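Note that the structure is predicted; figures quoted are calculated from it, not measured. Below, all heavy atoms of this structure are taken into account, side chains as well, without hydrogens, waters or symmetry copies. Reminder, nothing fancy here: chain letters follow the sequence lines and each chain counts from 1.
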Amino acid sequence: MELPSRYNPGEVEDKWYKFWEESAFFHAEPDPKKKPFCIVIPPPNVTGILHMGHALNNTIQDILVRYKRMRGFIGLWIPGTDHAGIATQNVVEKSLAREGLSRQHLGREKFLERVWLWKEQYGTTIINQLKKLGCSCDWQRLRFTMDEGLSEAVLEVFVRLYDKGLIYRGNYIINWCPRCQTALSDEEAPHQETQGNLYYIKYPIKATSKQKPVTRKTKEIESEYIVVATTRPETMLGDTAVAVNPKDKRYKKLIGKILILPLVNREIKIISDSLVDMKFGTGAVKVTPAHDPNDYMLGKKHNLEFINVMHPDGRMNENASRFSGLDRFKCRELILEELNSAGLLEKTEPHLHAVGHCYRCHTMVEPYLSRQWFVRMKPLAIPAINAVKEGSIKFYPKRWTKVYLDWMENIRDWCISRQIWWGHRLPVYYCHKCQEAENQKSTLRLRSGLMVSEVEPSKIENGVIVSKTKPEKCPVCGSSDIVQDEDVLDTWFSSWLWPFSAMGWPETQNSELRTKNSDLEYFYPTSVLVTAQEIIFFWVARMIMAGIEFMDNIPFEDVYIHGTVRDLTGKKMSKSLGNIIDPIKVINEFGADALRFSIVSITAAGQDVFLSDEKFHLGRNFANKIWNASRFILANVSQPIADSRLSITKDDLSLADRWILSRLQKATQGVTEALERYDFNEAAGIIYQFFWHEFCDWYIEIVKPILATGNQLTVTGQEGKATTQFILVEILETSLRLLHPMMPFVTEEIWQKVKPLNNNETKSIMLSSWPTINKNFIDEDSEIKMIIMQD
RNA sequence: GGGCGCAUGGCUCAGUUGGUUAGAGUGCUGCCCUCACAUGGCAGAGGUCGAAGGUUCGAGUCCUUCUGCGCCCACCA
């Protein structure tokens, strides 16, 4: 058999992938006689291209599902993509901008057409890249978070939660991205250490008649002031009070006095509240109820006015008087200048603080008062906490359990409405007539066109109809003047249903066709979720809550959290930093097997991965080693192994034979155990060590003379060539099966050439069974003797 | 302000429940293109396992403190 001396992955990978896919080896159907093993893919963004994080994430999943299939499970890996609301909308808007267009120009409908077009064009890129990686997903089950079934699930869930009082609408300070112009959840606005300034501003105290003696000293008295410290001076335009701590002796006398808000000359009151920290700044805090969560609370408590001074795009609005129209940061500069020249800026101190930033565009988020929809999380969290505490769901590595529990125990309500167009539109309808009436009862004193009424959470609002389909008439007043809410749902509102929506919920559940064999019945809960640390709150936690709430069962049993892929300096790989290594380039250069084996070898459980190009040499060289060892064996074993060899006993074997067979048992055991506990680098290390440094370096070398000359006396004793050939094939074939989950392509290529020697009829190594340990071949004595010999 | 992770040969990292001379990949030195493989083989140099203390017959491995990096969470403006 003529084989090149170098393994050429490019020639074989596509061929075998096509073969597997066309043979439907990835497709799984429920089989009551077998146990299920199911993974749902963390759906990549439709706009996405494969990065090293995906490569790691999906390699691990593929290893698991291939391994489990070989162990006799019905292995199902459900693939899919995520519509990724804000991210995708941003990408399409950028491409429109290059044509000199904006989504506002196009209008909602036309814009959505463009996004769907984009999705059709680019949505399959990452799927094809996953195939290059070798992922054995059941592509017949490919889902998209906005396809019909999944959209149905979203509506179903929204309505159910609303009916239960777990979804409500209200005016709150939320994270607002002025660039994306939408509300964000707390998770979508991660805090970032930011170097800012603390500005100390003098607010003059208004002279009372009593304090105003009829002398020329008037001016002096009027110049008394209180100093507040702020990091965002532009929000002072919306101040409606200054607060001090009631215990603060410095300010006790001033409580209740009136201040003149500089620049706008509005009168505001000094109030007292124990929330104020006496030690921070001057101990006096400006209160801007429409632009800060704490101030919002104070505003409600003390019945202050809520003045929104900003447009949704971050420019100042008409409430900012002459600053109206200025960008928020430009406005800040100008205000500081004016305060300074008026002698009202006492001092400026550098101040390091954590500020929220949009996770999609990194713009500094603005705490902004607006009316949004929320999910009340506490009731959902309680059973989800218990599921983990009781051990129904286990995290690997364990330490993430605490991270999960800490977050869940302090969970806050989830802001789910987004002011964008791409996504699931809220199944919420408003009756115009009923709303008008409701607006009369506004309890908030708002000075902004944005807000309507303040609604107590969980109270059903008049004029609001939540329904999966558009109602013809208002059930209250009968009016047909009904409009749907303009907003769409947070992208994660569909992702959190993924483990069951991807299996057909809710149709499957309602359908009469539901049988013991239905997917949900058979494959749910899934076996393991493989994901990265940064997505625990966004996704993992919420899936657990949704699973328990809607399926009455956990969505997965194990959660394997792998590390983050970084460059050699420790930075996260990202396009914007320009430090990415493109997996497709690595595959083209070294092969998918090399990529897979390398990345898994250097990834210790849950530890971050630091990558560089050279690290892929490890896998490439190993693939080549496997290739050449096989080449050697195939060249020396041309006839099928006689069946009689299969019943070989120890007495027929030399020391080297007994040793390598014993080592094979140990390797099999080691790899199996390592995979069972998600210890992938250990599994890779064991098979690498065995194959290269034991099988190739020692056994093959010892055996060469026998193969060269037939029966011959060797250091290890009288030896039969046929026995040696049998063992070579045996070790090689078993090693290939141990390696297959990690290196599917090269193992298939060689296995197909080896199988005739074994008289094996199986169509693919994929379908062969996982090696078992034969205790009869464990031979400590031979191992000790070989160690002595090797020294 | 909480929490977590990491500090082991030049570099990048493994080291299960504490046990004989601490491993791998890569790099380096020397010799080999020997008929599977130079993406290779053989031989070799190189580490007082961040610091200090403690537990123990025995610690890279457990406890305490400290130092230096990194990450996550957090409504002191």
A/Gln725 side chain to A/Asn636 backbone, donor-acceptor under 3.5 Å: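 Looks like yes, one N/O pair under 3.5 Å.
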
Check: A/Asp657/A/Tyr699 side-chain N/O donor and acceptor closer than 3.5 Å: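 Side chains of A/Asp657 and A/Tyr699: pair found under 3.5 Å.
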
Which residue lies more 5' along RNA chain B, comparing A/Arg232 with A/Tyr7 via nearest heavy atoms: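 So the residue in question is A/Tyr7.
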
5' precedence on RNA chain B between A/Pro190 and A/Ile700 (nearest-nucleotide basis):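 The 5'-side residue here is A/Ile700.
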
Pairwise [atom1] distance for [N] and [M], with rounding to whole Å:
N: B/rG54; M: B/rA14; atom1: C1'; result: 28 Å
N: B/rU48; M: B/rG70; atom1: P; result: 26 Å
N: B/rU17; M: B/rG60; atom1: P; result: 16 Å
N: B/rU21; M: B/rC49; atom1: C1'; result: 16 Å
N: B/rU8; M: B/rG15; atom1: C1'; result: 9 Å
N: B/rG1; M: B/rG27; atom1: P; result: 45 Å
N: B/rG30; M: B/rG68; atom1: P; result: 42 Å
N: B/rC13; M: B/rG58; atom1: P; result: 34 Å

What is the nucleic acid contact for [X], judged by heavy atoms within less than 4.0 Å: base, sugar-phosphate only, or nothing?
X: A/Asp697; answer: sugar-phosphate
X: A/His351; answer: sugar-phosphate
X: A/Ala243; answer: nothing
X: A/Arg620; answer: base

Strand partner of [N], provided both Watson-Crick or wobble distances fall under 3.5 Å:
N: B/rC57; answer: B/rG19
N: B/rA51; answer: B/rU65
N: B/rG40; answer: B/rC32
N: B/rG1; answer: B/rC73

OP1, OP2 of [N] versus side-chain N and O of [X]: anything below 4.0 Å?
X: A/Trp692; N: B/rG41; value: yes
X: A/His617; N: B/rU12; value: no
X: A/Arg6; N: B/rA38; value: no

How many whole angstroms separate atom [atom1] of [X] from atom [atom2] of [N]?
X: A/Leu618; N: B/rU12; atom1: CG; atom2: C1'; answer: 11 Å
X: A/Ile561; N: B/rG5; atom1: CD1; atom2: P; answer: 15 Å
X: A/Glu614; N: B/rU39; atom1: CD; atom2: P; answer: 16 Å
X: A/Phe537; N: B/rC72; atom1: CZ; atom2: P; answer: 11 Å
X: A/Tyr200; N: B/rA77; atom1: OH; atom2: P; answer: 11 Å
X: A/Phe597; N: B/rG25; atom1: CZ; atom2: C1'; answer: 11 Å
X: A/Leu405; N: B/rC73; atom1: CG; atom2: P; answer: 17 Å
X: A/Tyr203; N: B/rA77; atom1: OH; atom2: P; answer: 16 Å

Mutual orientation of the aromatic rings belonging to A/Phe680 and A/Tyr560 [parallel < 30°, tilted 30-60°, perpendicular > 60°]: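 It falls in the perpendicular class, over 60°.
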
Plane angle bin for A/Phe622 and A/Phe691 - parallel if under 30°, tilted between 30 and 60°, otherwise perpendicular: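 It falls in the perpendicular class, over 60°.
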
A/Met743 to A/Ile626 - nearest heavy-atom pair and separation: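 Shortest heavy-atom contact: SD-CD1, 3.8 Å.
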
Nearest heavy-atom neighbours spanning A/Leu344 and A/Pro262: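 It is CD1-CB, 3.6 Å.
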
Evaluation steps, salt bridge (Lys or Arg N to Asp or Glu O under 4.0 Å), between A/Lys378 and A/Asp413: CA-CA 8 Å; A/Lys378 277 252 157 58; A/Asp413 285 356; over 6 Å; no

Would you indicate which nucleotide in [options] comes nearest to any side-chain atom of [X]?
X: A/Arg631; options: B/rA77, B/rG25, B/rA36; value: B/rA36
X: A/Gln533; options: B/rA77, B/rC75, B/rC72; value: B/rC72
X: A/Lys402; options: B/rC75, B/rC4, B/rC72; value: B/rC4
X: A/Ser5; options: B/rC75, B/rC37, B/rA77; value: B/rC37

Pairwise distance OG1(A/Thr282) to CD(A/Glu346) - rounded to 0.5 angstrom: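 Here the rounded value is 8.5 Å.
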
Ionic contact status for A/Glu333 with A/Arg328, cut-off 4.0 Å: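 A/Glu333 and A/Arg328: not salt-bridged.
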
Nucleic acid contacts of residues 621-629 of chain A, taken as heavy-atom distances under 4.0 Å to RNA chain B: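 Here the set is A/Asn621, A/Asn624, A/Lys625, A/Asn628, A/Ala629.
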
Base B/rA36 paired with A/Glu701 side chain (donor-acceptor, <3.5 Å):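 Per atom types, the contact qualifies.
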
A/Thr235: which of A/Glu366, A/Lys286, A/His291 passes side chain to side chain donor-acceptor pair (under 3.5 Å):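 By the side chain to side chain donor-acceptor pair (under 3.5 Å) criterion, A/Thr235 pairs with just one of A/Glu366, A/Lys286, A/His291: A/Lys286.
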
